[in-house]
Trainee: 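Provided herewith is a single structure, encoded as structure tokens, for subsequent inquiry.
Naming convention: chains lettered A, B, ... in sequence-line order (proteins, then strands); numbering from 1 in each chain.
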Protein chains: 2
Amino acid sequence: VKLLTVARDLKRRRARERNTRFVAEGVRTVEELLRSPLHADGALVSSTLTSTPRGTALLESLRAAGVPVLEVDEHDFASASTTESPQGILVVADIPQRDPAQLALGNTARVLVLDGVQDPGNVGTLLRTAAAFGVDATLAMPDTVDLWNAKVVRSAMGALFRHQALACEWEAFDALRAVHRVECWAADASGEPIDRRPEMHSIALIVGNEGGGLSREARARADRRVGIPIAPGVESLNVAVAAGILLYQLRP
Amino acid sequence: VKLLTVARDLKRRRARERNTRFVAEGVRTVEELLRSPLHADGALVSSTLTSTPRGTALLESLRAAGVPVLEVDEHDFASASTTESPQGILVVADIPQRDPAQLALGNTARVLVLDGVQDPGNVGTLLRTAAAFGVDATLAMPDTVDLWNAKVVRSAMGALFRHQALACEWEAFDALRAVHRVECWAADASGEPIDRRPEMHSIALIVGNEGGGLSREARARADRRVGIPIAPGVESLNVAVAAGILLYQLRP
């Protein structure tokens, strides 16, 4: 029953930070977790899981991987779940300890910098997009939603488990910029369009908060502002859509 | 109190279709509605609205526009609301009667076709993106979530009120294709990248369901399949991100 208490507790960011553990919930997310290098501490399962062949297969995979499984009733499962329609499977796993000072970046690295992005669904989609376009690392700066929030984990669809996504402070970012000679490009509605493939060097793309845009810290570090021309009268693009277009244009 | 009953009822798709009315909720969405040509039948307001200057200004705008305002307590407001943290304002408005047979399209039109896109947040973001890139119309084909669903309305951020978004059947789409000489390009993971600006003709971009991809109907109509190259091992891009990149590449 300890696993149940831990899983409930991990809904809070504080608890995740103290325990350096998070919860991966749902059939697909747990499948991705098992395929990743992350360590699973234990699985919480209800009878809903084995109502589908895919769920039954997942339970077998968990057992084969040596992950301790605790079976609970629907009511207890729901108390730990963060979804409206639980699929009867969640796993408590270790948050990987990723350090900005130890990131390995090549000569034409791409880094995505989340500057106060607040919506968990947006952050999940941003991580998925970064992984798809071969971005080397995604940095979650202060005021960005916790990367290990259950909804971020779910909407990242596994990208968080393999892609180098990590929390970062501006000081550590400055050190990383200097060491790896990374140019800072900040996404901004009034920025200039990217009209040709960038030169062969490393670039960090900074995207700001959904409503407020770039922070003072980000603006101070921007070597260049880039944007996407849109129709007059339309306020802005969704942050994940805008970042998707820019990262696609920036692919090395 | 009739407005309260109507607003509650409009949570259901059936009721929206029968009444040809929908609900726009939240300060920002209602501000956008007032700036649009759509007709507002009445506003439901709780005291939460006037707790901010922006909300107070909106209430004045509603009165100045001659929209009947019904004030209710928080409890009644919550019963009609579809958000977790209501801002104390929702408006019942007429669904504009848009007909695929009467769409005005130029010689280099762009049409976005939603082929069974199910997530309301994705559809809202797709509409916002289509409006931003000057897409002429967005067609919601069978099995796509209702365009006038409260969460679609909210995440479209006003795009639904001015952009020509409408439900459509495949037969009506075929007629539109023939009349306007529209080429069908279907987004598909294995499609070829768009490597240059398209010729001067009209193009409909079809995007499929989040999990299942393109329908049989869509595949049968595709003149060409287009895609975005992504890193190996990453399953796919989010549908709104993928459509954003393709629509950006397809802008006339």
Trainee: Passes side-chain contact (heavy atoms from CB on, under 4.5 Å), A/R110 versus A/L247? Steps please.
Mentor: CA-CA 8 Å; A/R110 296 294 178 262; A/L247 290 175; 5.5 Å; no
Trainee: Which bit of A/T129 is near chain B, if near means a heavy-atom gap under 4.5 Å: side chain, backbone, both or neither?
Mentor: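 A/T129 touches chain B through backbone and side-chain heavy atoms alike.
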Trainee: Please look at A/S155 and chain B and tell me whether the side chain, the backbone, both or neither of the residue comes under 4.5 angstrom of a heavy atom of that chain.
Mentor: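 A/S155 has no heavy atom closer than 4.5 Å to chain B.
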Trainee: What I want to find out is whether A/R35 reaches A/E32 closely enough, with some N-O distance under 4.0 Å, to be called a salt bridge.
Mentor: yes
Trainee: Between B/S79 and B/R8, is any side-chain donor less than 3.5 angstrom from a side-chain acceptor?
Mentor: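 Side-chain D/A pair, B/S79 to B/R8: present.
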Trainee: Of the backbone (N, CA, C, O) and the side chain (C-beta and beyond), which part of A/P232 lies under 4.5 Å from a heavy atom of chain B, both, or neither?
Mentor: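 Contact with chain B involves no heavy atom of A/P232 at all.
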Trainee: Taking CG in B/D9 as the centre, count heavy atoms belonging to other residues, nucleotides or ligands within less than 6.0 Å. Is the count above 12?
Mentor: yes
Trainee: Pick out which of A/T82, A/N149, A/T29, A/T83 makes a side chain to side chain donor-acceptor pair (under 3.5 Å) with A/R154.
Mentor: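 The passing option is A/T82.
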Trainee: Which one wins on heavy-atom pair count under 4.5 Å against chain B: A/S236, A/G121, A/G244, A/A240?
Mentor: A/S236
Trainee: Checking heavy atoms, do the side chain of A/R251, its backbone, both or neither come under 4.5 Å from chain B?
Mentor: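 Answer is neither: A/R251 stays 4.5 Å or more from chain B.
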